[in-house]
Visitor: 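Questions regarding the structure given below will be posed in turn.
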Amino acid sequence: MIVVELVIVFTVTLGLSGLRSLVSLLDSLLRPEPLADQQVALNVPQADVQLLDLVRQLLSAAQLFAWGALGLYLLWRAGIRLRAIGLDRSRPGKDLLGGAGLAALIGIPGLAFYFLARAVGANLTVLPSTLDDTWWRPIVLTVAAAANAWAEEVLVVGYLITRLRQLGRHENASLVIAAVLRGSYHLYQGFGGFLGNVVMGLVFGRVWQRTNRLWPLVIAHTLLDVVAFVGYALLRGAVSWLP
């Protein structure tokens with residue numbers, strides 16, 4: 001039943017995203033121009049009318065929040081409480097500091113690795129946001145960052161590794177499976193996006209396995225995406241090294 005549940009959950013969530021990303025990468029590789037000369041945007045306009053665009057952006061974020069909630073609900077139905085995976089509110093200060101430190105540990109080397117991968121032609125040029133300059137853009141990008149962090153860390157770390165433990169998988173094997181899954185749905189960015197997120201998955205997964213605290217991962221991921229999404233939107237056109 002656990003195996004069937006895992007197949008269903010990831011078929012309708014991040015596993016399917018991984019397959020779509022693989023197809024997207026294959027399409028990019030078959031184009032005549034090199035990967036580094038191609039672009040992929042993460043947060044794009046979804047409607048011509050600004051109000052409708054705002055609504056659709058929020059609906060996309062709501063879907064991601066619901067994906068994470070699905071994983072938590074299934075664990076709860078199995079008798080696993082939020083405290084067991086580190087989503088309780090017992091230590092907010094330490095979780096916040098841990099998340100900030102983890103974001104710094106991953107963010108700075110991750111940015112350098114992205115530029116290296118792009119320079120050697122192993123990655124597309126990633127545009128974190130192409131949203132129009134509206135009053136709600138920073139709000140939507142922040143919500144999107146939190147939604148991405150919630151869905152990924154809850155499903156790929158808290159939910160998946162817990163279920164793999166119940167199936168008797170070794171901690172190292174579970175860690176690798178979760179990390180490769182995380183990398184798979186970033187394949188649309190190129191090989192650099194895949195490898196960078198696999199490394200991130202290994203670090204995040206091991207931190208959770210050792211501390212049993214999921215909040216620092218969610219906080220760190222949110223901070224990373226907020227800096228990428230909002231920072232790019234504010235700096236694009238103002239600095240020469242940003243596409």
Side-chain angles (χ1 to χ4, degrees), residues 1-22 25 64 67-88 90-91 94-95 97-99 101-107 109-110 113 117 148-222 224:
M1 290 179 64
I2 292 177
V3 173
V4 172
E5 178 187 293
L6 287 171
V7 171
I8 293 173
V9 168
F10 286 104
T11 297
V12 299
T13 60
L14 296 172
L16 186 61
S17 298
L19 293 176
R20 288 173 173 166
S21 289
L22 175 59
L25 175 60
L64 291 171
W67 284 1
L70 173 62
L72 290 182
Y73 172 74
L74 292 171
L75 292 179
W76 175 72
R77 282 289 301 268
I80 299 173
R81 298 183 178 181
L82 296 183
R83 179 181 296 273
I85 62 171
L87 277 179
D88 58 282
S90 61
R91 38 178 288 182
K94 291 183 178 180
D95 287 340
L97 289 175
L102 194 55
L105 175 67
I106 293 294
F113 180 76
N148 281 315
W150 173 260
E152 292 187 42
E153 304 312 326
V154 171
L155 284 177
V156 178
V157 179
Y159 169 74
L160 177 58
I161 296 180
T162 297
R163 285 309 202 202
L164 291 176
R165 282 174 175 172
Q166 293 176 316
L167 290 173
R169 297 295 183 270
H170 191 274
E171 289 291 274
N172 289 339
S174 299
L175 179 64
V176 171
I177 291 171
V180 171
L181 173 61
R182 185 190 295 264
S184 72
Y185 52 81
H186 291 90
L187 276 168
Y188 68 92
Q189 299 177 12
F191 299 105
F194 172 76
L195 292 175
N197 279 278
V198 167
V199 173
M200 177 179 171
L202 292 173
V203 174
F204 274 33
R206 184 63 84 198
V207 167
W208 181 76
Q209 287 176 330
R210 292 185 174 180
T211 66
N212 204 44
R213 299 298 302 175
L214 197 59
W215 276 126
L217 276 61
V218 175
I219 292 169
H221 196 149
T222 301
L224 289 170

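What you see below is based on every heavy atom in this structure, not just the backbone, and it leaves out hydrogens, waters and symmetry mates.
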Visitor: Is the shortest heavy-atom distance from the side chain of Trp208 to the side chain of Leu214 under 4.5 Å?
Guide: yes
Visitor: Could you tell me which non-hydrogen atom of Gly201 sits nearest to which non-hydrogen atom of Ala179, and how far apart they are?
Guide: C-CB, 3.9 Å
Visitor: State the CG-CD distance between Leu14 and Glu152, to the nearest 0.5 angstrom.
Guide: 6.0 Å
Visitor: For residues Ser21 and Ser184, report the shortest heavy-atom separation together with the two atoms involved.
Guide: CB-O, 3.3 Å
Visitor: Would Gln166 and Ile80 count as a side chain to side chain contact (heavy atoms under 4.5 Å, CB included) here? Give the steps.
Guide: CA-CA 11 Å; Gln166 293 176 316; Ile80 299 173; 3.5 Å; yes
Visitor: Could you grab the distance from atom CZ of Arg213 to atom CG of Leu87, nearest 0.5 Å is fine?
Guide: 8.0 Å
Visitor: Using 0.5 Å steps for rounding, measure from the CG atom of Leu164 to the CG atom of Leu6.
Guide: 6.5 Å
Visitor: Looking at Ala149 and His221, what are the two nearest heavy atoms and their distance?
Guide: CB-CB, 3.5 Å
Visitor: Check the surroundings of atom CZ in Arg91: do more than 12 heavy atoms from other residues, nucleotides or ligands lie under 6.0 Å from it?
Guide: yes
Visitor: Which heavy-atom pair separates Ala104 from Pro109 by the least distance, and what is that distance?
Guide: O-CD, 4.0 Å
Visitor: So do Phe191 and Leu25 actually touch side chain to side chain, heavy atoms under 4.5 Å?
Guide: yes
Visitor: Is the number of heavy atoms from other residues, nucleotides or ligands within 6.0 Å of CZ (Arg81) greater than 12?
Guide: no
Visitor: Just wondering, do Phe204 and Ile106 contact through their side chains at under 4.5 Å, heavy atoms?
Guide: yes
Visitor: Exactly one of Val9, Leu181, Val154 should register a side chain to side chain contact (heavy atoms under 4.5 Å, CB included) with Leu160. Which one does?
Guide: Leu181
Visitor: Heavy atoms only: give me the nearest Gly192-Ala117 pair and the separation to one decimal.
Guide: CA-CB, 3.8 Å
Visitor: Within the structure provided, determine whether Tyr188 and Leu22 are in side-chain contact (heavy-atom separation under 4.5 Å).
Guide: no
Visitor: Do Ile161 and Ile85 have side chains that approach each other closer than 4.5 Å (heavy atoms only, starting at C-beta)?
Guide: no
Visitor: Does the side chain of Glu5 come under 3.5 Å of the side chain of Tyr159 through a donor N or O and an acceptor N or O?
Guide: yes
Visitor: Enter the distance from Leu70:CG to Leu155:CG here, rounded to the nearest 0.5 Å.
Guide: 7.0 Å
Visitor: Report yes if the side chains of Trp67 and Ser17 come closer than 4.5 Å at any heavy-atom pair, otherwise no.
Guide: yes
Visitor: Show your reasoning for whether side chain to side chain contact (heavy atoms under 4.5 Å, CB included) applies to Tyr185 and Arg20.
Guide: CA-CA 8 Å; Tyr185 52 81; Arg20 288 173 173 166; over 6 Å; no
Visitor: Can you tell me how far the OG atom of Ser90 sits from the CG atom of Asp95, to the nearest 0.5 Å?
Guide: 6.5 Å
Visitor: Parallel, tilted or perpendicular: which fits the ring planes of Trp76 and Tyr73, with parallel below 30° and perpendicular above 60°?
Guide: tilted
Visitor: Using 4.0 Å as the upper bound for N to carboxylate O, is an ion pair formed by Glu171 and Arg206?
Guide: no
Visitor: List the steps, then state whether side chain to side chain contact (heavy atoms under 4.5 Å, CB included) holds for Leu202 with Arg182.
Guide: CA-CA 9 Å; Leu202 292 173; Arg182 185 190 295 264; over 6 Å; no
Visitor: Taking all non-hydrogen atoms of both residues, which atom of Asp88 and which atom of Arg83 are closest, and how far apart?
Guide: OD1-CA, 3.5 Å
Visitor: With a 4.5 Å limit on heavy-atom distance, are the side chains of Arg163 and Arg169 in contact?
Guide: no
Visitor: Please confirm whether the backbone N or O of Thr222 pairs with a side-chain atom of Asn148, one donor and one acceptor, at under 3.5 Å?
Guide: no
Visitor: Using 0.5 Å steps for rounding, measure from the OG1 atom of Thr211 to the CG atom of Leu217.
Guide: 7.0 Å
Visitor: Tell me whether the count of non-hydrogen atoms from other residues, nucleotides or ligands lying under 6.0 Å of CZ in Arg165 goes above 12.
Guide: yes
